[in-house]
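Reading through the C-alpha cells given below for one structure.
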Amino acid sequence: MPVITYRDALRSAMAEEMERDDRVVLLGEDIGVYGGTHLVTNGLIDQFGPRRVIDTPIAENGFTGAAIGMAMAGMRPIVEMMTWNFSFQAADQIIQNAAKLRYFSGGQVSVPLVIRGPNGGGVQLSAQHTHSLEGFYGHFPGLKVVSPSTPEDVKGMMLAAIRDPDPVIFLEAGALYGTKGEVPEGDYTVEFGKARVAREGADVTLIGYGRQAPVLLRIAEKLAADGIDAEVVDLRSIRPFDSDTIVESVRKTHRAVVVQEQWRWFSVASEVAAIIQERAFDELDAPVVRVSGAEVPAPYARNLEIAAFPSEQQIIDAARRVLYLEV
Amino acid sequence: MATTQSQGKRRRAASTPAKNGSKGSPNSKTEPRLGSDALVSLYQKMVEIRLFEDAAQRGFRQGKVGGYMHVYSGQEAVATGFLDTFREPDYAITAYRDHAHVLLLGSDPKAVMAELYGKGTGLVQGKGGSMHLFDVSNGFYGGYGIVGGHIPLGVGMAFAQAYQKTGGITQLYLGDGAIHNGAFHEAANLSGLWGRDGLNPCLFILENNQYGMGTSVERATANTDLGKKFESYAIEHTKVDGMDLEAVLKVAHDAADRVRETGKPFAVEALTYRIMPHGAADFLEKYRTKEEVRKWRERDPIGLLEKRLEDEGVEESTIADIRTAAKAKMDEAVKFAEESPEPDIAELLTDVYTDDAPVQAAG
C-alpha cells in the first residue's frame, strides 16, 4: 500500500470523488487560488476549475447556508471551514437548517453536505482559534460527526462522508496533516459508527480520537515497558457512536481511561463514561477516568498551552490509577 | 446531471465567459395574463388563501392550532402575482409566513390545514407545523422559522439550478425584517458575485409589510429605501405596489424572465401590509394604530381586485359564487384536519436521518 500524508489522503478522496461525480463541489475561504490555508485543497482549482472549487468571501453563514441549499437541490457540496472555530458564524445554518431540514420537511429533503476542517489546538493559536467541537456538534441529532486520526481512515471516511445522504461534520486533526500512513489503493470507504481497536491489550482500555489516538498508541508502548498491556480504541465516529466496541473492550480489561482535548463538562468523555457505567457496570474494577483539557480559553504562551491539554504523564498516571498502581 | 468544467481557468479570469447560467430560450417568456378571465382565476386563488387564513386563525383561537402561526392576509397580491410566473423546475422558498405560497403552488388545503392542526395527514406529517410547510413535488422548499436564515439556502438552490443547467430559477421570498439580518447580506453578496458569472438565477421578492414583527422599518434602519440594500451587492432591483395584483403581475413576469435569461439575480420590493396581527398571538398591536390598519384595509388587494373586476364587467354573481365555493373548500379542509388522526407515535423517531443511523427515544 502507498504511504501518504493525512493531508494528501484527504485531498485524494475529494479529487477522486470529484472525478467520479459532477455534483461534488468545494466551497471555502482561499481554497482555490491561494491553495487552502492548510494546503488540503492545493491544486484542485487547476484540476477542476473555479466553477467547482469556489473561493468564497469570509462569510461562513452565507456560504455554509448556500451549500445547504445546493445540497437540497441535488448537489454534493463540501464546505471547508478554514478552522472549525469559524463555524460558530455558521452555527445557525448548521444547527437550525442542515441538522433539522430532513425532519421538519417530513422527510421531503435531504442535506448531503460535508463540512470539513481542522479541529483542536496545539499550535499556539490562542483563545479564539482553538476549540475542540466534537461534543458541541455531537449533541445535535441530524448531524453525523466524525474525527479520523489516520491517513487510511481520513480518506475512507471522507469518501463515505461525500456519499452520505446527511450532513457530516468532518473534524480533521489539524496537528496530524503532515503525518504519514498506509492507504489502500482504489476506491474504499470506512463506515461511520465503527470504532477501531488500534492496539489490543488486556489490562486497561485507553479511549480517544483525532490527535489523541496516536498519542495513546505511544503511551501504550510506554506502559508496556512497565508491564501494563493497554488496549487502545480510536473512536473515529462521534455520531453515530460505536458503544459495542467500547463495552466489549471494557468487558475484557475492566478498566477505562477516556482522553480528550476538550473541556470535561458535557463532553465526549462524559458520554463514554456514562455508556460504560450503563452497559458494563458489573465489569468495572475501577471508576472510569476522564482526562481532559484545562477549563480555560486556550492560552497563547507555549508553556501555558501545553499545560492546557492532557499530557502524556497525566494519561499514564490515569492508566496506573485505574489499575490501583502507584503514580 | 451537470457537466464537468475542467478547463483549469482561475476564477474570474478575464476570459471567463458568462455562459454557465441557466438560460431559457428567447421564446420562453411568460406574459402576464391580464384579461378578465385570468384575473377572475387569480381572484379565486386570493380569496381561497384569505379564507384559509381566516379558518386557520379560528382554529388557533379555539386552541386547535398550536405553536406560532403567521397569516398572509393583506399580502395576497404579492405571492399570487409572482407565483403566476412559476413553472417547473423552478423553486420557491420563504420564511414562516408561508401558507399562501404553498397553497398557490398547488398543495391541497386539506393537507396544509391538517399540518396546522398537527395531524398525521399534514403536509409534513405533523413534524413542522405552520412555520415549516414543504411541498417539494410542487417546487416548494419551505417554510423556515429563523428570520433571515433561509436566504443563503435560496441563493445556493439558485446556484444549483444554474450549475445543473435545469433552466429553473429560485423565487426567494423575504420580509422587510429579514433584510437587516447578517444572513441576508452574506447571501446577497454571494448571489451578486455568482450572478456575475450567470450562476445565480435568484429572484428576490422582498415582501415589505412595513413591520419586522412590531418594529417598523423606520425604527429598524436609517436607510428606509430597502431596495437600495441590494445595490451594495450589484443586484438590480425595482419596486411595485404590492396591493395591486395587476401591477405585481407585470413586474413579476418581467423580473422572472430577466432572471431566467441572464442567470443573474434581480430583486423586487413589493410594498404591502399585513392587515392581521404579526402572529396569531399578537393581540395588543401597540406598535400601530387602528386608524393606520383601517386605511390600509381600504387598499385590501382583494377589495381592489373586486373593484377592477366590476369595472371589467364581471358579474356580481360570479364573485359571490367564487366566495361561496372557496368557503366550502376551506370548511372541508377544516373538517378534514379535525377528523384526521394524530401522527403515529412511531413517526417521532423517523426522518432525523435519511439512512438508518440510530436515534435515541425519550426516557
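Each chain gets a letter, A, B and so on, in the order the sequences are listed, and its residues count up from 1.
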Nearest-0.5 Å distance, [atom1] of residue [X] to [atom2] of residue [Y]:
X	Y	atom1	atom2	result
A:L101	B:H132	CG	NE2	9.0 Å
B:H150	A:I68	NE2	CD1	13.5 Å
B:Y144	A:S105	OH	OG	7.5 Å
B:T354	A:D166	OG1	CG	3.5 Å
A:M72	B:M157	CE	CE	5.0 Å

| message | Any side-chain to backbone donor/acceptor pair from B:D351 onto A:R102? Under 3.5 Å, distance only. | response | no
Review point. Is a donor on one side and an acceptor on the other found under 3.5 Å between the side chain of B:Q164 and the backbone of A:R23?
Key: no
Nearest heavy-atom contact between A:P57 and B:L190 is CD-CD2, 3.5 Å
*Distance under 6.0 Å and angle within 45° of the ring axis: does B:K127 meet both against A:Y103?*
yes
Could you check whether A:R51 makes a cation-pi contact with B:Y163, meaning its NZ or CZ is under 6.0 Å from the centre of the six-membered ring and within 45° of the ring axis? yes
Should we count [atom1] of [X] as having more than 12 external heavy atoms under 6.0 Å?
X	atom1	value
A:L39	CG	yes
A:H139	NE2	no
B:E231	CD	yes
A:E248	CD	no

If you tally heavy-atom pairs under 4.5 Å against chain A, which of B:G154, B:G145, B:G149, B:S191 wins?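 Sorted descending by pairs with chain A, the first entry is B:G149.
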* Any idea which of B:L133, B:D135, B:N189 has the most non-hydrogen atom pairs under 4.5 angstrom with chain A? ->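 With the most close heavy-atom pairs to chain A, the winner is B:D135.
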Between [X] and chain A, with a heavy-atom cut-off of 4.5 Å, which part of the residue counts as in contact: side chain, backbone, both or neither?
X	value
B:T350	backbone
B:A357	side chain
B:L348	both
B:V359	neither
B:Y91	side chain
B:E347	backbone

Per-residue tally against chain B (heavy atom, under 4.5 Å) across A:A67, A:P167, A:A73 peaks at A:A73
Interface check, chain B: of A:P112, A:G142, A:P240, most non-hydrogen pairs under 4.5 Å belong to A:G142
Heavy-atom cut-off 4.5 Å, strictly under: side chain, backbone, both or neither for [X] against chain B?
X	result
A:V111	neither
A:F241	neither
A:L143	backbone
A:N61	both
A:Q108	both

- request: Identify whether the distance between the nearest side-chain nitrogen and carboxylate oxygen of B:D355 and A:K144 falls below 4.0 Å.
  value: yes
List the steps, then state whether side-chain contact (heavy atoms from CB on, under 4.5 Å) holds for B:Y141 with A:V109.
-> CA-CA 8 Å; B:Y141 278 74; A:V109 301; 3.9 Å; yes
Where do A:Q93 and B:L153 land on the side-chain contact (heavy atoms from CB on, under 4.5 Å) test, with the steps shown first?
CA-CA 9 Å; A:Q93 293 300 332; B:L153 272 55; 3.2 Å; yes
- Task: Show your reasoning for whether side-chain contact (heavy atoms from CB on, under 4.5 Å) applies to B:F159 and A:I54.
- Result: CA-CA 12 Å; B:F159 179 96; A:I54 304 166; 3.6 Å; yes
